[in-house]
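Report on one structure; see the data block that follows.
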Amino acid sequence: MYIATVRGFLYTPQVLWPCLHYAVPDAPNTKFFYESASFKQCRSVDRHFADILSRTTTKATSVLWVDDYHLLFFPGLLRSHSRTALAPVGFFLHLAFHSSEIFRCLSVRDSLLKEVLDADLAGFQTANYARHLRQTMSRILVYESLPKSIQVEVPVAPVSIGGDAEKEWRESSEGKKTKEKGRFVDVGVFPMGFDLNSLKEKKRSPKVEYWVQLLRRRYAGMNLIVGRDKVDKFRWGVRHKIEAFEHFLKTNSEFQGEAVLIQVALQTTESNELAGGFSDVVPRINAYLPTRCLARAGSHV
């Protein structure tokens with residue numbers, strides 16, 4: 001199994017990321033990114049990665065797993081190579097998959113959706129996200145949506161690449177059946193959780209134990225709350241959490257001076273501490289309430 005993840009080009013964070021968080025870019029910007037070098041670069045990176053993967057794949061039956069929104073175009077590109085054209089391909093989206101109304105704002109929606117459907121399996125975090133994919137394919141591409149799959153009327157890409165891969169596919173029982181009835185893309189829900197055994201093992205490490213004991217000594221006898229969250233201009237949860245802590249202290253004065261909140265905010269970009277909107281709340285709480293609220297923004301690893 002090969003796990004494919006690529007980051008660093010501009011189209012995905014500047015256009016796809018906002019859309020996948022229900023922050024719709026205006027039409028001129030969408031058109032600009034579609035026609036600009038950033039969109040071409042996104043496709044170029046995906047295509048280059050697909051070229052490399054096809055050369056390193058030793059078996060035509062290798063399972064290829066495509067991971068997250070940076071590689072939404074990737075399943076279709078894998079089908080353009082003879083060594084990966086017939087391989088089982090899975091795709092998993094860690095982010096939310098929005099409703100079809102949001103997706104209509106993307107000028108590349110048809111191409112993007114069709115290339116996602118070149119995967120054999122599309123996975124999501126929740127049932128709502130999976131339902132949004134099925135509805136989007138039905139409303140935009142006019143494909144039939146079933147409770148756990150999508151029927152694609154056109155066959156998968158090997159029929160168009162030529163050579164031995166196309167001949168092999170056409171002569172296979174799957175190829176003949178697909179030609180008559182189309183193909184089905186499975187849509188599944190796979191909620192992610194914690195690896196508890198790994199977490200327990202890390203808790204026993206000397207470095208973690210050192211910090212635990214240090215915090216316990218420093219805030220001995222106090223109620224300690226520790227939070228760890230990502231923060232960017234689309235995620236305001238950290239600010240809401242800190243404001244909730246402030247409200248709790250105001251309405252429960254007996255905990256003033258008896259409770260400490262330590263919040264670690266993982267940044268996805270350098271400017272996200274300000275974008276997340278909590279840098280003004282922490283000094284305000286510490287200034288007039290006899291307690292401590294500590295918030296630290298760090299780089300995402």
Side-chain angles (χ1 to χ4, degrees), residues 1 3-5 11-12 15-25 30 34 39 42-43 46 50 63-80 84-160 169 174-175 177-193 234:
M1 179 180 291
I3 298 179
T5 302
Y11 183 81
T12 49
V15 177
L16 290 182
W17 176 268
C19 281
L20 291 171
H21 288 81
Y22 286 88
V24 183
T30 306
Y34 172 69
F39 175 76
C42 175
R43 295 302 304 275
D46 276 14
V63 176
L64 306 177
W65 191 258
V66 183
D67 192 62
D68 217 6
Y69 79 105
H70 305 84
L71 296 171
L72 279 170
F73 300 99
F74 205 61
L77 294 173
L78 288 173
R79 300 302 186 189
S80 65
T84 57
L86 300 176
V89 176
F91 172 76
F92 184 81
L93 183 65
H94 291 267
L95 303 179
F97 193 92
H98 44 66
S99 64
S100 60
E101 288 77 10
I102 302 296
F103 225 108
R104 289 180 188 276
C105 299
L106 285 175
S107 57
V108 296
R109 55 188 175 272
D110 286 6
S111 173
L112 186 60
L113 293 173
K114 287 178 180 178
E115 293 194 89
V116 170
L117 290 182
D118 274 327
D120 299 290
L121 169 67
F124 301 88
Q125 295 267 18
T126 72
N128 280 340
Y129 301 161
R131 175 172 54 85
H132 284 165
L133 173 76
R134 297 194 304 270
Q135 290 177 343
T136 298
M137 298 301 180
S138 176
R139 294 171 180 173
I140 295 181
L141 297 183
V142 200
Y143 288 159
E144 183 175 357
S145 175
L146 303 175
K148 294 185 178 180
S149 63
I150 299 168
Q151 184 174 8
V152 183
E153 296 179 357
V154 293
V156 76
V159 300
S160 62
W169 185 87
E174 179 186 356
K177 181 175 66 176
T178 302
K179 184 178 180 181
E180 296 175 358
K181 300 182 180 180
R183 52 185 288 269
F184 289 89
V185 178
D186 292 326
V187 180
V189 180
F190 311 105
M192 294 187 64
F234 302 112

(request) For G188 and A130, work out which heavy atoms get closest and say how close. (result) O-CB, 4.5 Å
(message) Could you measure the distance from the NE2 atom of H70 to the CG atom of L95? Nearest 0.5 Å is fine.
(response) 8.0 Å
(request) Enter the distance from L141:CG to L117:CG here, rounded to the nearest 0.5 Å. (result) 6.5 Å
(message) With a 3.5 Å distance limit and no angle check, can you tell me whether R109 reaches the backbone of R104 through a side-chain donor-acceptor pair?
(response) yes
(message) Is there a side-chain contact between L112 and F103 in this structure, where contact means two heavy atoms from C-beta onward sitting under 4.5 Å apart?
(response) yes
(request) Report yes or no: does Q125 contribute a side-chain atom to a donor-acceptor pair with the main-chain N or O of M192 at less than 3.5 Å? (result) yes
(message) Is it the case that the side chain of S100 and the backbone of Q135 share a donor-acceptor pair, with hydrogens and angles ignored and the cut-off at 3.5 Å?
(response) no
(request) Can you measure from CG (L72) to CG (L20) and round to the nearest 0.5 angstrom? (result) 7.0 Å
(message) Please report the interatomic distance NZ(K148) to CZ(F184), rounded to the nearest 0.5 Å.
(response) 14.5 Å
(request) Would you list the pairs meeting salt bridge (charged side-chain N to carboxylate O under 4.0 Å, His left out) in which at least one residue belongs to residues 129-146, sequence neighbours left out? (result) E101-R139
(request) May I ask you to test the L133-L93 pair for a side-chain heavy-atom distance under 4.5 Å? (result) no
(message) Apply side chain to side chain contact (heavy atoms under 4.5 Å, CB included) to residues T84 and V89 and explain how you reach the verdict.
(response) CA-CA 9 Å; T84 57; V89 176; over 6 Å; no
(request) For residues L64 and A87, report the shortest heavy-atom separation together with the two atoms involved. (result) CD1-CB, 4.0 Å
(message) Restricting to non-hydrogen atoms, name the atom on P75 and the atom on A119 that form the minimum distance, rounded to 0.1 Å.
(response) CB-N, 3.7 Å
(request) For the residue pair F92 and F190, categorise the inter-ring angle as parallel (less than 30°), tilted (30 to 60°) or perpendicular (more than 60°). (result) tilted
(message) Can a donor-acceptor pair be found, under 3.5 Å and without considering hydrogens, that links the side chain of R79 to the backbone of D118?
(response) yes
(message) Any non-hydrogen side-chain atom of F97 less than 4.5 Å from a side-chain atom of T136?
(response) yes
(request) Would you give the length of the straight line joining atom CG of D46 to atom CG of L71, rounded to the nearest 0.5 angstrom? (result) 5.0 Å
(request) Please answer whether the main-chain N or O of H94 pairs with a side-chain N or O of D68 as donor and acceptor at a distance below 3.5 Å. (result) yes
(request) Would you confirm whether T126, through its side chain, and Y129, through its main-chain N or O, come within 3.5 Å as a donor-acceptor pair? (result) yes
(message) I need the F91 CZ to L121 CG distance, nearest 0.5 Å.
(response) 10.5 Å
(message) Are K114 and V152 packed together at the side-chain level, in the sense that at least one heavy-atom pair is separated by less than 4.5 angstrom?
(response) no
